[in-house]
Amino acid sequence: MPPDMDHTRAPVLEAMAEHRRLSRLDFTPPGHKQARGADPAVREVLGDAVFQGDVLASGALDDRRTRGHVLERAERLMADAVHAEHTFFSTCGSSLSVKAAMLSVAGPHEKLLVGRDAHKSVVSGLILSGIRPVWVEPRWDTERHLAHPPAAADYERSFDAHPDAKGALVTSPTPYGSCASLGTLAEICHRRSSPLIVDEAWGAHLPFHSRLPSWAMDAGADICVTSIHKMGSGLEQGSVFHLQGGLIDPALLASRADLLGTTSPSVLIYAGLDGWRRQMALHGSELLGRALDLAADVRAEIEKLDGLHVNDRTDFGGPALADDLDPLPVVIDVSGLDTTGYAAADWLRARRSVDVHLSDHRRISTQLTHGDDHDTTDVLLDALQALTRAVGALHPAPRVEVPSPDELRLEQVDLPRDSYFGPFIDVPWTDAAGRTVAEMLTPYPPGIPAALPGERLEEPVLRYLRSGVTAGMNVPDAADPRLDTVRVVRTEADAPLADPARRPHD
Ligand SMILES: Cc1ncc(COP(=O)(O)O)c(C=O)c1O
């Protein structure tokens, strides 16, 4: 092992400890000066360790020209641990990482193949960049009303129809844990010398256990993006993106990320990333093996509860649906209780102090990680058992008018960027069908826009969102989250604007 690939080391954490050991005095930001200037009431809640670790990345943790290569050494160790050639740390979540990846593959008006089950951060990337999406259809489970990643063959067909596409982006695993066939997809892309981007925000743990689905770098993807705070032990916002192969210049990728990133990265977040890599390199197999065994037990126990059903490989698998499944997001169908995921989630939080990850019209997902053990899952099982007996409190749950897959898909009639930045008008939702939407309408979580700028709205999607909001769906990015009105592209047929301040872009 080369000396700088010693996985017992953690360069960021070590530099942090050294900074503290030397009692270096920073006449620099952050202005709290190692907690001394922070409000005592804030110190009481956060603890001084947070402030003491919060120092400048260059000019404190490392010297002003980063001659200690602290971050670089930590990134190289991470790359080595996950079989990538280059790794970049980001403190702005995968929301930034995925945009950097997209911008390094395509530019304004160029085409990118994108699975339509993409997260809203990908759609934001399309809006900001002016990239033209060629949507690839997810595999729809018509019985369970759920989307799985598109089939590799569908990307192949899209490349055939759009040979000028610059590359492809796929989301795998989805927030529900279902995975694409990444090896086949990489092969399809590389036959055309096009790069494959994998939004693997939910896959931080995948490289570290053989019983987990295949990892994008091992499958041959060019770039993959991972949130270490989701399935890993990183702090919120801690994300990494990895690169391999010769299709994308690492300097260009770094430059694209630099366009979007902060000049004041949090070294606390860097430390979380560095520590996670060390933890996984040294103990990942054991910790994740235990988590997988625990998940198998928990899944079996939940399945015994009346009215609950855990979605497993039989539900999500098979050639028509997902290619693989991560069992750690435990997705529970609550429709047998004749209620919605929203009502179940609210009840569990209010009555049992248990927060679930995502909820939809018929499911909740309880995410397990290596951070869980029988103590935590016993509480969960107890709460779920109580939920099955609380049927009275869960009724009546307003019904969500869920469209068929065909009805759910809207036609992209304009570039997302043009519709978003052009003149707009807010119209009553009942008048919005047939109009081009000028905003994202995203049930969150999981964060996949039901409608996005440039798509033509149709009645079934509007009814889905409106009935969803009534039932407890969260649509936080809409200008009117209640969806009494919807923001659409202004046309000449609309009345002239009374307030010129609302015409920033025409
Ligand atoms: C598939 C997917 N990609 C990207 C993101 C953005 O990640 P982050 O929250 O780290 O910015 C998310 C967030 O939930 C996601 O689900």
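Order of appearance sets the numbers: ligands from 1, and atoms from 1 within every ligand. Please read these numbers as outputs of a predicted model, since none were measured by experiment.
Judged by distance alone, the side chains of H148 and D323 never bring a donor and an acceptor atom under 3.5 Å apart. Side chains of H145 and Y464: no donor on one and acceptor on the other come within 3.5 Å. A side-chain donor-acceptor contact under 3.5 Å links D54 and H32.
Of the listed residues (H357, H229, H119, K120), the one carrying the non-hydrogen atom nearest atom 5 (C) of ligand 1 is H119.
A heavy-atom separation below 4.0 Å is not found between E236 and ligand 1. The shortest heavy-atom distance from S121 to ligand 1 is under 4.0 Å. For the ligand labelled ligand 1, residue V98 lies outside the 4.0 Å heavy-atom shell.
Taking the charged nitrogens against the carboxylate oxygens, D315 and R144 do have a contact shorter than 4.0 Å, which makes a salt bridge. Under 4.0 Å is where a charged nitrogen must lie from a carboxylate oxygen, and between R116 and E137 no such pair does. Using a cut-off of 4.0 Å between Lys/Arg side-chain N and Asp/Glu carboxylate O, D360 and R363 are scored as salt-bridged.
The protein heavy atom nearest to atom 11 (O) of ligand 1 is S95 OG, 2.6 Å. Protein heavy atom in closest approach to atom 16 (O) of ligand 1: W202 NE1, 2.8 Å. The shortest contact between atom 3 (N) of ligand 1 and any protein heavy atom is with D199 OD2, 2.6 Å. The single protein non-hydrogen atom nearest to atom 8 (P) of ligand 1 is S94 N, 3.4 Å, given as residue, atom name and distance. Nearest protein heavy-atom contact of atom 9 (O) of ligand 1 is K230 NZ, 3.1 Å.
Counting only residues at least two apart or on different chains, the ring pair (Phe, Tyr, Trp, His ring centres under 6.0 Å) pairs with a member in residues 213-238 are W215-H242.
Heavy-atom contacts of G93 reach the following atoms of ligand 1: 10 (O), 11 (O) (cutoff under 4.0 Å). Using a 4.0 Å cut-off to heavy atoms of S227, the atoms of ligand 1 that qualify are 7 (O), 8 (P), 10 (O). Ligand-side atoms of ligand 1 in range of T171: 1 (C), range being under 4.0 angstrom from any heavy atom. The atoms of ligand 1 that sit less than 4.0 Å from any heavy atom of Y444 are 13 (C), 14 (O).
Annotation: S239 places no N or O atom under 3.5 Å from an N or O atom of ligand 1; distance criterion only.
Other residues, nucleotides and ligands contribute over 12 non-hydrogen atoms within 6.0 Å of the NZ atom of K111.
Distance check, rounded to the nearest 0.5 Å: CG of D324 to OG of S181 gives 9.5 Å.
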